[in-house]
Amino acid sequence: MARLRDPVTILKGVGEARAKQLANLNIFTLGDLICHFPRGYEDRTRLVPIAMLEPDVPACFKAMVMNTPRTAHIRKGLDMTKVQLADTTGRLNVTFFNNRFAAEQLQYGKEYIFYGAVSGDFVGYNMTNPVFEAPEAPGVTTRRVLPVYPLTAGLSNNVLVKLIAQALAVCDPPAEILPEPVRREYGILPAKDAYFAIHQPGDMEQAQQAKKRLIFEEFFVFSAGLSLMRASRAEKKAVPYSNFNMKPFYACLPFTLTNAQRRAVEEILADFRKGAPMNRLVQGDVGSGKTMVAAAAAFCAANNGKQTALMAPTEILAEQHYASLQKLFEPLGITIDLLTGSLSVKQKREVRERLSSGQTTVVVGTHALLTDATQFLDLGLVIADEQHRFGVAQRSKLSAKGEDPHLLVMSATPIPRTLALLMYGDLDVSILDELPPGREAVDTFLVGESYRPRINAFIRKQVSEGHQCFVVCPAVEENQDLGVKAASAWAETLQQTVFPDLRIALLHGQMKGAEKETTMTSFARGEADVMVATTVIEVGVDVPNATLMVIEDADRFGLSQLHQLRGRVGRGKAKSYCILTTRNRNPETLQRLKALCKTTDGFKIAEEDLKLRGPGDFFGSRQSGLPAFRVADLSCDLVTLKDAQTASAQWIDEHGTEDTPEANALRERIGELFARSEGTMN
């Protein structure tokens, strides 16, 4: 019997070339192959009469061959074989392109089972390249539920079906990790049954049962992993802080903290008292004051003789944090430095010397903080801004520069509480759910293309009053996505034909890092009137003078992303506005966009987005926060997630430390999941 870790090359038909194709799908071992799950199924079990075939709807039917297939050579590289089929309800013309060998297997007067989709109109229906089998054949491509797999160039679905069947024949699937009482309570298939049924289901119901089992299993493993991470964190020690005099800090603030900010600070101070490293996320809407909460944490760490490192995803954000914290900390006698890649070699060396000697108490920086050359005398607090830009590996690398320092991460992406545990892993969460006084809501309007003259007039009005505007487009180049505005072309149009007298800037993700930083900094200084950009500005520098955000083809964005973009304006004292444009008349789309016009509460918007679109908006593809799930789909599996969380918490609590085959297999699977997720997990 083969093992899950054996290479795929032990299978018949897998040579060097085939192994390379499989490697493109991250399939290297038999275990990888068995865990390469279908993305869907084609139900080929039901036979349909020819008369009942529907255009463009694939179906199985039984028919007789009414003539001998005839092949015509059309031109070089193109052969066409035609044959006519019939049953008691009608006739059908079938064409095979470049498939002469298959077509000539069809014998005049014999019946076969076909699978394909008809196309055509009232003149006559036709079918192209159907698959077929003799009725006495075992049913490999017809009369079965056929799994449809994610593919890569040169690798057909048929080949994968055969290879996975071969792997299951020579190798046992992954071991059972779900205890029998859990399976019984939640109606879950045993592991072996599920792994066979997901690839070779007898019917759609069996396929769904198998999928349910594997989704539950993934969530169970993930939730159990979080429980073990929390337990291991509790075992780590940190010397409890003793100085909690925050009065000097509060006295230096030019404003009073909101109740939500005060609450978050108190939660952080409580963590500092515990004697274990803090692992906390401050989650708040755009403008809710997360930076001041982080500053309070850094002040307390400094009062207890500890250094703080604040890591930001871009140099612009790092410089912005540095400028605001420097004003706050210098009167308090706290030394602060900036460390970014664009500093000169000499400047970097001097900052690092001050850090390693302890002269600098707080450092704000980018990935430059992660280099081996950056060392601390006594790093006690790590703060990561916009946590979804940093994976576990990066946070761990910075934390390793101290002895189990406290960790505080900040996010301006409101996530529905339903997803908070999954999104934030083992972090404790503090929520800032109120805006500081004086922050006016941004008025939001949804308009069609007919409003273009009024939009342009409004842009001109804002600029004439000394303000600046953002215009966001969903694409960079016109050929990327036909039918939507592209930033580069639209910037050119605005500059040449609409606002020749205004200063138009362009910013998009294909520009080099230094060029992006220069453009954004220039705009922040007021050196351009209108910034045409892609979503690269979603997380960026504050431009208090920007009072208008125009989002073109807003239907192409998710609500949460639109809310983030809207947060780029309304940061100064002047009244601010957001205009969403769309040419889409779909009622559901318009309802979704109108939801954004009704509220500026990011948490409400996130809940609405989850209902309307599922959570793809929060996670995107291969993003940030999401473990590398193979089957689970958060948009439709939230009930299963809750069940699995409940079951895993209970089981870990009662049996997590046992030395049993199930417990050991679960621990091994947890290690695999988190290793696979490294760099994407929060």
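Heavy-atom basis, side chains included; hydrogens, waters and symmetry copies ignored.
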*Of all the heavy-atom pairs spanning V569 and V442, show the shortest one and how long it is.*
O-CG2, 3.8 Å

_Those residues that, when tested against D43, pass salt bridge (Lys or Arg N to Asp or Glu O under 4.0 Å) (two or more places apart)_ = none

*Quick one: are M311 and L370 in side-chain contact, heavy atoms under 4.5 Å?*
yes

*List in chain and number order the residues that pass ring-ring contact (aromatic ring centres under 6.0 Å, His included) with F216, two or more places apart in sequence or in another chain; answer none if no residue qualifies.*
Y186

_Sole candidate of T308, L381, V382 that passes side-chain contact (heavy atoms from CB on, under 4.5 Å) when paired with P405_ = V382

*Check whether any side-chain heavy atom of L168 lies under 4.5 Å from a side-chain heavy atom of I34, and answer yes or no.*
yes

*Are F272 and M278 close enough that some pair of their side-chain heavy atoms sits under 4.5 Å apart?*
yes

*Do L580 and T444 come within less than 4.5 Å of each other through their side chains, counting heavy atoms only?*
yes

Pairs of donor and acceptor atoms involving the side chains of residues 157-164, under 3.5 Å and at least two apart or interchain, shall be tabulated with distances.
from: N157; atom 1: OD1; to: Y149; atom 2: N; distance (Å): 2.8
from: N157; atom 1: ND2; to: P147; atom 2: O; distance (Å): 3.0

Side-chain donor-acceptor pairs of residues 262-270 under 3.5 Å, sequence neighbours excluded:
from: R263; atom 1: NH2; to: I431; atom 2: O; distance (Å): 3.1
from: R263; atom 1: NH2; to: D433; atom 2: OD1; distance (Å): 3.4
from: E267; atom 1: OE1; to: S430; atom 2: OG; distance (Å): 2.4

*Could you give me the CA-CA distance, side-chain angles and deciding distance for T600 and R566, then say whether side chain to side chain contact (heavy atoms under 4.5 Å, CB included) is met?*
CA-CA 9 Å; T600 53; R566 176 171 62 181; 4.1 Å; yes

*Approximate separation, where rounding is to 0.5 Å, of L151 CG and N24 CG*: 12.0 Å

*In Å, rounded to the nearest 0.5 Å, how long is the span from CG of L565 to SG of C578?*
8.0 Å

*Can you find a pair of side-chain heavy atoms, one from L146 and one from T141, that are under 4.5 Å apart?*
no

*For S223 and F220, indicate whether the former's side chain and the latter's backbone hold a donor-acceptor pair under 3.5 Å.*
no

*For A224 and L666, work out which heavy atoms get closest and say how close.*
CB-CD2, 4.2 Å

*Could you pull out all residues at least two apart from E176 that satisfy salt bridge (Lys or Arg N to Asp or Glu O under 4.0 Å)?*
R183, R213

*Once you round to the nearest 0.5 Å, how far does CD of Q645 lie from CZ of F222?*
8.5 Å

*asked:* If I take atom CZ from residue F196 and atom CG from residue L189, how far apart are they, to the nearest 0.5 angstrom?
replied: 13.5 Å

_So does M292 get a backbone contact from the side chain of Q261, meaning a donor-acceptor N/O pair under 3.5 Å?_
no

*Which residues pass the side chain to side chain contact (heavy atoms under 4.5 Å, CB included) test with R184, sequence neighbours left out?*
E180, P181

*Name all residues meeting the salt bridge (Lys or Arg N to Asp or Glu O under 4.0 Å) criterion together with R273; count only those two or more places apart in sequence or in a different chain, and write none if there are none.*
none

_Atom pair OG1 (T152) and CD1 (I27), whose distance is rounded to the nearest 0.5 Å_ = 9.5 Å

*Where is the tightest heavy-atom contact between R667 and N664, given as atom of each residue plus distance?*
NH2-OD1, 2.8 Å

*Residues which pass side chain to side chain donor-acceptor pair (under 3.5 Å) with K274, listed by chain and number, not counting sequence neighbours*: D271

_Keeping Q206 on the side-chain end and G202 on the backbone end, is there a donor-acceptor pair under 3.5 Å?_
yes

_Could you check whether any side-chain heavy atom of V170 comes within less than 4.5 Å of a side-chain heavy atom of L11, counting everything from C-beta outward?_
yes

_Residues L590, T582; criterion side chain to side chain contact (heavy atoms under 4.5 Å, CB included); working and verdict_ = CA-CA 9 Å; L590 296 176; T582 181; 4.0 Å; yes

*Only counting residues at least two apart or in another chain, list the ones meeting salt bridge (Lys or Arg N to Asp or Glu O under 4.0 Å) with E185.*
none

*T45 versus D203: any side-chain heavy-atom pair under 4.5 Å?*
no

_Enumerate the side chain to side chain donor-acceptor pair (under 3.5 Å) contacts for residues 188-197, please, sequence neighbours excluded, ordered by first and then second residue._
Y195-E217

*Provide the closest heavy-atom pair for L596 versus L559 in the form atom of the first, atom of the second, distance.*
CD1-O, 3.8 Å

*D553 side chain to R556 main-chain N or O, any donor-acceptor pair under 3.5 Å?*
no

_Would T29 and L4 count as a side chain to side chain contact (heavy atoms under 4.5 Å, CB included) here? Give the steps._
CA-CA 7 Å; T29 66; L4 290 167; 6.0 Å; no

*Could you tell me which non-hydrogen atom of A207 sits nearest to which non-hydrogen atom of I198, and how far apart they are?*
O-CD1, 4.4 Å

_side chain to side chain contact (heavy atoms under 4.5 Å, CB included) partners for D6, two or more places apart_ = A2, R3, I10, L30

*Would you call H199 and F37 a side-chain contact if the rule is heavy atoms closer than 4.5 Å?*
yes

*At what distance, to the nearest 0.5 angstrom, does CG of L432 lie from CE of M410?*
10.0 Å

*asked:* With side-chain hydrogen bond (donor to acceptor under 3.5 Å, both in side chains) as the criterion, how do T640 and D643 come out once you've worked through the C-alpha distance, each side chain's angles and the decisive distance to 0.1 Å?
replied: CA-CA 5 Å; T640 309; D643 287 346; 5.7 Å; no

*asked:* How close do C35 and P174 get, counting heavy atoms only, and between which atoms?
replied: SG-CG, 4.1 Å

*Mind checking what makes side chain to side chain contact (heavy atoms under 4.5 Å, CB included) contact with A649, not counting sequence neighbours?*
none

*Can any side-chain N or O of E218 pair as donor or acceptor with the backbone N or O of V631 at less than 3.5 Å?*
yes

